[in-house]
Amino acid sequence: MPEGPELALAGRYINEACGGLVFSGGAERSAVGRGPEVPFRSEAYRLGAAARGKELRLRLEPLGPGSPQALVFRFGMSGGFRLRPAASPPRHAHLRFLTRESPPRALCFVDARRFGSWRLGDAWQPGRGPCVLSEYQAFRENVLKNLDDKAFDKPICEALLNQKYFNGIGNYLRAEILYRLKIPPFEKARTVLEALKQQEQERRKKNSSLPPSKKLKLKRDNPDLLELCHTVPMEVVAAEKNLLDPDHADNHTAFKNWLQCYGVPGMSSLRDHNGRTIWFQGEPGPMVPGGECPLLPTGPAPALGGLEEEENHSQALLGRQLLQLLGALRPVALGDVACWLPPSTHWVLFQACSHVLSSPEGGGRGEGAPLSPSYSPHCLNGHGL
DNA sequence: AGTATATGTTTCCAAAACCTATACTT
């Protein structure tokens, strides 16, 4: 489960479930755990946790003599913490801290795949950037000050997994974040972020006369990509905080229901240059690996009439059919429609869409609906659509 | 039974390697 939100929730879980407990003894390590033995023993100590991006720091604080010990965990693909009866620990518990209760319980680091690990000491891994959840301002500045880094030569969907800049973002979050703005995942990262920087300056100029409350509302209603890197994971934390125990049966359901794009029927998916699956809707963007076509949406195809076969649609006819489409479907991006049609029709499609959007028949959906206002100009101009 | 997939990172500069569990196909 582990991306930034799961680490943040694990930290909260430890502090809430273990904050009032006294632990005793040493840390029991399994034979195959991916981390060092922990040189710590204490008759009575407390545990406290803090998360930063995809790392979690655990502090062992002796109540009597002895010096504290810190550990920094990464969860890999399957890591997490659970407080269980010491007599019946979960499978794949690789590090255990026993309480002084009778019968004792154990806080267990559980990790079936063992891609997770821990290190001794309280230092965060060098080279990981500020946390998207807990250090938003520093995170934002770190990205915008370093746009000349070659990390931003890559497609935005791949840059978003770079923990030097996006500490806490993982595969499901990148899909959900890009989906909110309908940014093509294989648009170049620098292009997207330079546009954002410019937009930020223009907005600041334009809004400087507004009262602070209006400014705040504008910001809330039109979040940019970097803001979404904070607010989208915050949504996950909020959605799951009443289900803090990672074993809770409803947890998975709540999370699945929250997802709008990742693994959702009807969305497209592709492998990125690292072989990871990126889920998205609409255009893949120019840096798509091998220039492959996106997989067709997995849901039922919308009825297109004769739209896809004929070459000589008049603009008016296409416009009418698009109106029907836009009315029949849930908020639709231009790219969604385009991916059902041969590329030879894309230019006409764009013309027709412009016509539909600028007409009153646009049905009130012209505002923000097929294309997100923060991205549309580039999306349309940059891809010959 | 075998295959493909998975919320991550490292080692090296792309693709394999590290692992287990689960769902789905012969």
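Chain letters run A, B, ... following the sequence lines, proteins first and then strands; every chain starts at 1.
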Determine the interplanar angle of the A:Phe81 and A:Phe109 rings, folded into 0 to 90°, and report it as parallel if under 30°, tilted if 30 to 60°, perpendicular if over 60°. tilted
Closest to the A:Phe115 side chain, choosing from B:dA21, B:dC18, B:dT10: B:dC18
A:Glu43 atom CD: more than 12 heavy-atom contacts under 6.0 Å: no
Ignoring hydrogens and angles, are the base of B:dC19 and the side chain of A:Arg114 linked by a donor-acceptor pair under 3.5 Å? no
In terms of the angle between their ring planes, are A:Tyr172 and A:Trp258 parallel, tilted or perpendicular, with boundaries placed at 30° and 60°? perpendicular
Using a heavy-atom cut-off of under 4.0 Å over every strand shown, decide if A:Arg91 touches base, sugar-phosphate, or nothing. sugar-phosphate
According to salt bridge (charged side-chain N to carboxylate O under 4.0 Å, His left out), who are the partners of A:Arg57, at least two apart in sequence or on a separate chain? none
Examine the base of B:dA21 for any acceptor or donor lying under 3.5 Å from a partner atom in the side chain of A:Arg113, and report the outcome as yes or no. no
Could you check how far CG of A:Asn167 sits from P of B:dT7, rounded to whole Å? 18 Å
Lys NZ or Arg CZ of A:Lys150 over A:Phe152 ring: under 6.0 Å, within 45°: no
Within the 4.0 Å heavy-atom criterion, would you say A:Tyr262 contacts the bases, only the backbone, or no part of the nucleic acid? sugar-phosphate
Give a yes/no on whether any side-chain N or O of A:Arg276 is located under 4.0 angstrom from OP1 or OP2 of B:dT9. no
Hey, does A:Ser117 reach any base, or is it just sugar-phosphate, or nothing, if we go heavy atoms under 4.0 Å? nothing
Establish, with yes or no, whether the OP1 or OP2 oxygen of B:dA6 is under 4.0 angstrom from a side-chain nitrogen or oxygen of A:Thr277. yes
Classify A:His92 by what it touches in the nucleic acid, base, sugar-phosphate, or nothing, heavy-atom distance under 4.0 Å. sugar-phosphate
Using heavy atoms and a sub-4.0 Å distance, could you list which residues of residues 121-136 of chain A are near DNA chain B? By number, please. A:Gln125, A:Arg128
